[in-house]
Participant: 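The structure under discussion is supplied below as structure tokens; questions concerning it will follow.
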Amino acid sequence: MDRYLVFGHPVRHSKSPFIHTLFARQTQQELEYGLAEPAVDEFAQALRTFFAQGGKGCNVTVPFKEQAFTLVDRLSPRAKRAGAVNTIKLTDDGVLLGDNTDGAGLVADLKSHGVTLGDSRILLLGAGGAARGALAPLLAELPSELVIANRTHAKAQQLAAEFCDLGPVTAQTYEQLAGPFDLVINSTSASLQGELPPLAPALIHTDIAIYDMMYGASDTAFISWAKQHGARQTMDGLGMLVEQAAEAFTVWRGIRPGTKQVLRELKRNLGVI
């Protein structure tokens with residue numbers, strides 16, 4: 001039976017085995033999917049051992065995505081742009097192909113919620129790996145402007161400069177931000193600590209769409225804050241998790257699983273519904 005893993009540290013909380021088991025059942029694919037939590041300095045060896053022992057593919061999560069980027073034999077165009085790898089496939093000719101499905105998962109989830117990206121004004125909070133992975137897929141949807149805001153402004157400037165060939169992307173400080181924006185995406189990990197990005201409440205209006213890449217059994221701190229200031233459409237990153245997994249499954253197996261029922265099952269598993 002074909003073997004797949006998710007590598008992370010920590011990774012015991014990961015919902016990837018649950019998601020991919022449902023995908024396999026749905027598409028009648030025979031595979032098993034497990035967890036691997038090597039020490040931070042042992043990831044490279046663990047990855048090599050997994051494929052040497054017959055592994056077919058893996059997902060890679062924090063903190064190994066940038067390291068995985070350097071360990072594969074070949075990179076997909078979107079992995080090159082993201083500077084990180086979250087999906088690895090062993091090809092038929094024995095090549096380790098590194099891909100990044102995070103941004104595609106984000107865009108797919110936004111569209112599933114009816115969010116219009118073309119000709120929209122998007123604010124992306126954060127300038128780390130999550131933001132980097134999202135930029136190319138978001139710009140491919142042809143927004144009128146994409147603004148990056150980050151606590152360290154120089155990082156936002158550097159990111160905007162790297163991606164400016166793909167579309168109208170700029171960097172601003174939080175103090176410079178002026179609305180209206182159609183969509184705000186929080187790619188920072190602030191919600192994990194129950195904290196908020198320093199965003200002015202005046203930027204929130206009733207017609208804005210709010211997306212937090214983090215998720216939990218209840219609203220994240222950022223979503224709760226946005227609702228308090230009048231946002232009517234808010235989304236967390238659970239759908240993105242399922243959509244990026246579906247994209248990875250497609251890379252591995254060549255068949256696209258449906259996501260709606262799997263997302264419902266995952267919400268039930270987390271106690272969200």
Side-chain angles (χ1 to χ4, degrees), residues 1-37 47 50 55-65 68-69 72 76 78-79 82 84-90 96-113 129-130 132-134 136-138 185 187 189 192 211-217 235-273:
M1 186 176 288
D2 291 346
R3 292 174 53 236
Y4 296 85
L5 286 178
V6 56
F7 285 94
H9 194 99
V11 80
R12 277 160 286 184
H13 66 284
S14 175
K15 297 300 178 184
S16 292
F18 181 85
I19 293 169
H20 284 286
T21 297
L22 291 180
F23 284 161
R25 191 178 304 158
Q26 177 198 121
T27 57
Q28 298 180 312
Q29 297 284 299
E30 290 197 9
L31 59 87
E32 59 181 33
Y33 190 107
L35 302 169
E37 191 176 281
L47 186 71
F50 170 66
K56 293 293 185 180
C58 65
N59 289 126
V60 182
T61 188
V62 177
F64 299 130
K65 291 183 182 183
F69 181 87
V72 296
S76 71
R78 57 189 179 184
V85 160
N86 80 329
T87 300
I88 301 176
K89 174 185 179 178
L90 180 65
L96 288 186
L97 172 66
D99 203 349
N100 191 304
T101 66
D102 286 332
L106 170 65
V107 168
D109 192 36
L110 286 165
K111 289 182 175 180
S112 76
H113 284 94
R132 178 181 290 275
L138 285 171
I185 301 170
S187 78
S189 59
L192 292 177
Y211 195 99
D212 194 337
M213 289 189 187
M214 301 298 112
Y215 63 88
M235 300 149 280
D236 68 14
L238 198 60
M240 176 181 171
L241 175 69
V242 175
E243 293 290 350
Q244 66 81 24
E247 187 77 9
F249 193 93
T250 307
V251 169
W252 293 329
R253 310 299 293 186
I255 184 169
R256 181 90 190 181
T259 55
K260 289 183 179 179
Q261 181 61 34
V262 173
L263 180 57
R264 280 195 294 271
E265 292 293 333
L266 182 57
K267 286 181 176 179
R268 196 171 288 120
N269 178 263
L270 289 170
V272 177
I273 56 175

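Only this structure's heavy atoms are used, side chains among them; waters, hydrogens and symmetry mates stay out. Counting from 1, the numbers follow the sequence of the chain as shown.
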Participant: Please step through side-chain contact (heavy atoms from CB on, under 4.5 Å) for the pair Leu241 and Leu266, ending with a clear verdict.
Facilitator: CA-CA 10 Å; Leu241 175 69; Leu266 182 57; 4.1 Å; yes
Participant: Go through it in stages, so that I can follow the logic: the residues are Lys56 and Arg3, the test is side-chain contact (heavy atoms from CB on, under 4.5 Å), and I'd like the CA-CA distance, side-chain angles, deciding distance and then a yes or no.
Facilitator: CA-CA 6 Å; Lys56 293 293 185 180; Arg3 292 174 53 236; 6.0 Å; no
Participant: Identify whether the distance between the nearest side-chain nitrogen and carboxylate oxygen of Lys89 and Asp99 falls below 4.0 Å.
Facilitator: no
Participant: Of the non-hydrogen atoms in Ala134 and Leu106, which two are nearest, and what is the gap between them?
Facilitator: CB-CD2, 3.6 Å
Participant: Could you check whether the rings of His9 and Phe64 sit parallel, tilted or perpendicular, using 30° and 60° as the cut-offs?
Facilitator: perpendicular
Participant: Is Glu247 salt-bridged to Arg78, cutoff N-O under 4.0 Å?
Facilitator: yes
Participant: If you round to the nearest 0.5 Å, how far is CG of Leu47 from CG of Leu5?
Facilitator: 9.5 Å
Participant: Are Leu263 and Ile19 close enough that some pair of their side-chain heavy atoms sits under 4.5 Å apart?
Facilitator: no
Participant: Show your reasoning for whether side-chain contact (heavy atoms from CB on, under 4.5 Å) applies to Tyr215 and Met240.
Facilitator: CA-CA 10 Å; Tyr215 63 88; Met240 176 181 171; over 6 Å; no
Participant: In the structure I gave you, are the side-chain heavy atoms of Asp236 and Met214 within less than 4.5 Å of one another anywhere?
Facilitator: no
Participant: With a 4.5 Å cut-off on side-chain heavy atoms, are Phe249 and Leu31 touching?
Facilitator: yes
Participant: Could you pull out the closest heavy-atom pair between Val11 and Ala36, with the gap in Å?
Facilitator: CG1-O, 3.6 Å
Participant: So, are Arg256 and Glu243 salt-bridged, with charged N and O less than 4.0 Å apart?
Facilitator: yes
Participant: Does some side-chain heavy atom of Thr87 sit less than 4.5 Å from a side-chain heavy atom of Val60?
Facilitator: no
Participant: Which distance, rounded to the nearest 0.5 Å, do you find between the CZ of Arg264 and the CG of Asn269?
Facilitator: 15.0 Å
Participant: Flag the pair Asn86 / Phe69 as yes when at least one side-chain heavy-atom distance between them is below 4.5 Å, and no otherwise.
Facilitator: no
Participant: For the pair Tyr33 and Phe23, evaluate side-chain contact (heavy atoms from CB on, under 4.5 Å) and give the outcome as yes or no after the intermediate values.
Facilitator: CA-CA 11 Å; Tyr33 190 107; Phe23 284 161; over 6 Å; no
Participant: For Asn100 and Gly103, which heavy atoms make the closest approach, and how far apart are they?
Facilitator: OD1-N, 4.1 Å
Participant: Evaluate the side-chain proximity of Val6 to Thr61: yes if any heavy-atom separation is below 4.5 Å, no if none is.
Facilitator: yes
Participant: Nearest 0.5 angstrom please: Arg132 CZ to Asp102 CG, how far?
Facilitator: 13.0 Å
Participant: Any idea which heavy atoms bring Thr259 and Ala246 closest together, and the distance?
Facilitator: CG2-CB, 3.6 Å
Participant: How long is the straight-line distance from CH2 of Trp252 back to CD1 of Ile88, given to the nearest 0.5 Å?
Facilitator: 10.0 Å
Participant: With rounding to the nearest 0.5 Å, note down the distance linking CG in Leu110 to CG in Leu138.
Facilitator: 7.0 Å
Participant: Under 4.5 Å between any side-chain heavy atoms of Gln261 and Gln26, yes or no?
Facilitator: no
Participant: How close do Pro257 and Thr250 get, heavy atom to heavy atom, and via which atoms?
Facilitator: CD-OG1, 3.8 Å
Participant: If you define the side chain from C-beta out and look only at heavy atoms, does anything of Lys15 sit under 4.5 Å from Leu238?
Facilitator: no
Participant: Any luck finding a side-chain donor-acceptor pair between Tyr4 and Asn59 under 3.5 Å?
Facilitator: no
Participant: Measure the spacing between CZ of Arg253 and CD of Gln29 and express it to the nearest 0.5 Å.
Facilitator: 4.5 Å
Participant: Looking at every heavy atom in both Pro137 and Ala104, which two are closest together, and how far apart are they?
Facilitator: CG-N, 3.9 Å
